[in-house]
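Chain letters run A, B, ... following the sequence lines, proteins first, then strands; residues in each count from 1.
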Amino acid sequence: MNSSIVIENLTKYYDDFLALDNLSLTIEGNENIGFLGPNGAGKSTTLKILCGLLRPTSGKAYINGFNIASEKEKVLSQIGTIIETTEFYGYLTPAETLSYLGKLRGMSSDDLRRRIPQVIEMVNLEKWLNIKIEKFSRGMKQRLALAQTLLHDPPILIFDEPALGLDPRAVIEFRRIIIEAGKDKTVFFASHQLSEVAQICKHVAIIDRGKLLGYDAIENLERDYGSLENAYLELTGVPSE
Amino acid sequence: MSELKKLQTVINYEFLKHIRRKRLYVILLLVLISEAATLIGFQTMMGGFPDNAALLAVMLSVGPSMAAFGAIFFSGDAIAGEFESKTGFLLFTNPVKRTTLVLGKYIAGCMAVAILVIFAYAVLCISLFAVYQTIPPETAQSFGLCLLYSISILAVTFLFSSLTKSSMSAIVITLVLIMVISGTIESILMLAGKPYWFLISAAGDGIALVYEGNTELILSGLIPMEEAGNFPFEIQVPNIGHSVLAMVIYLVGGLIPSLIITNRRELS
């Protein structure tokens, strides 16, 4: 299996609520995919299943060929994630946090000594490297969250609203880093911001009520519907003007 | 990296958490205050220290017992906190088994509680030596029991931490279980003359009651014998073997289910 992410008939119930309804989606290697849908569409549920945080009621999912249900540790070694607004341990500094996470991801001390300054520089937190995170603002935590996703240089990045809480300048910087990192990685990017998705991704998958409504290149959707916004509105049930 | 090295990593960083949090130092201070209050109380209220060093040792066991209960405050948030504060999104998305994470947290908690217990016994031993120039040999047994009791309480707290949504709930439920429910059942069984060694509160009693293996002797130092004879029930001096067995049961019965539950628990 050469695809980066394969989702097969994924169904997820929260008690009686159907969050994912037989969702299937295949993402090939080194693609940047926007994952769009209204609130409650099932985006976060899908991403959490891919990260091993939730178990599907039925169906299967694979990351780089590894089954999420039976090879969870192998799956998690392939991904870097930002799920919701990331919370950190306030008693640790960014240097300690990255060192902790890096070691859990199998990085050697030499790798960490080389890599931590690189990712910290990418997110402009050099001056804060040895300050306890309890003093950090929401935006600083999100930048650190991005640093930790890139730390072990995983082939797949999974983001759920990663720019939440960032000021406009930081959003632009965030986007630049993701675009740069995404050149040789698969980026699966859930967001409500269509313009954000359009700038980062070449393809989008649109879901609602747990079902996949469309999966195509943005340029194809723009050609067929006039714009990505129109495609989104029509596919999710709100007709365009 | 092997799972064992990851376990070592989790232990190191979790222990760092305990060392950096104020609660360790607050409990250390409380232990010190309780020991000082016991010593001052004897001097001022009872006109001096008792002749029997074991009696003062029993009374000073309040410090080690408090240290053991520190385990609850150390571990209430160990698992529930990852879900409550959503740090689990950061921790559980690493390629490490949740069993390793929970075991690492547990061992780090044991190390932190051991600091409290060692400190409490250091204060106890220094106090006894200062007053009597001797330390009752049963203190070593009491120390061992207190350490075991601490890690069994830690395991029970881990169980509730894996079950509840909030750290505070885990702390409150464990305290109520040990101090209220177990204590009440112990009193009822004591009055009924039935065995109660298997209760977690009774297992902890052994920490203080190991001295000279004779509760009456110790009580006679505090209460006139004629009044002691009027007790409506018999205090069963816990058998060390029974105490150890009870503590091991609570340790295993708390830790293993917490591992299973945490492995199954979803973070939505």
Requested in this report: Quick one: which of A:Thr45, A:Leu92, A:Ile79, A:Thr86 has the most heavy-atom pairs under 4.5 Å with chain B, could you say?
Outcome: A:Leu92
Query - Between A:Thr97, A:Val75, A:Ile83, the one whose heavy-atom pairs under 4.5 Å with chain B are most numerous - result: A:Ile83
Is [X] in contact with chain B via its backbone, its side chain, both, or neither, using a 4.5 Å heavy-atom distance?
X	value
A:Glu96	both
A:Ser99	both
A:Lys72	side chain

Query raised in the report: Within 45° of the axis and under 6.0 Å from the centre of the six-membered ring of A:Tyr62, does NZ or CZ of A:Lys60 qualify?
Result: no
Backbone N/O of [Y] and side chain of [X]: donor-acceptor pair under 3.5 Å:
X	Y	result
B:Thr164	B:Ser166	yes
B:Ser150	B:Val113	no
A:Thr46	A:Gly42	yes
B:Ser161	B:Phe158	no

Below 3.5 Å, can you tabulate the donor-acceptor pairs from side chains in residues 94-102 of chain B to any protein atom, sequence neighbours excluded?
from, atom 1, to, atom 2, distance (Å)
B:Asn94, OD1, A:Arg105, NE, 2.6
B:Asn94, OD1, A:Arg105, NH2, 3.2
B:Asn94, ND2, B:Leu90, O, 2.8
B:Asn94, ND2, B:Leu91, O, 3.1
B:Arg98, NH1, B:Thr262, O, 3.0
B:Arg98, NH1, B:Arg265, O, 2.6
B:Thr99, OG1, B:Asn263, ND2, 2.9
B:Thr100, OG1, B:Glu3, OE2, 2.8

Query raised in the report: Salt-bridged, B:Lys86 to A:Glu87, with N to O below 4.0 Å?
Result: no
Query raised in the report: Between A:Tyr14 and A:Phe17, what is the ring plane arrangement, given parallel below 30°, perpendicular above 60°, and tilted in between?
Result: parallel
With only heavy atoms counted, which part of [X] is less than 4.5 Å from chain A, the side chain, the backbone, both or neither?
X	result
B:Arg264	both
B:Ser85	backbone
B:Glu82	side chain

Query raised in the report: Which heavy atom in B:Thr87 sits nearest to a heavy atom in B:Gly81, and how many Å separate them?
Result: OG1-O, 3.9 Å
**Report entry** Closest heavy-atom pair and its distance - B:Glu14, B:Ala108
**Finding:** CB-CB, 3.4 Å
Requested in this report: Could you please state which residues from residues 123-149 of chain A sit under 4.5 angstrom from chain B, measuring non-hydrogen atom to non-hydrogen atom, sorted by number, or 'none'?
Outcome: A:Lys132, A:Gln148
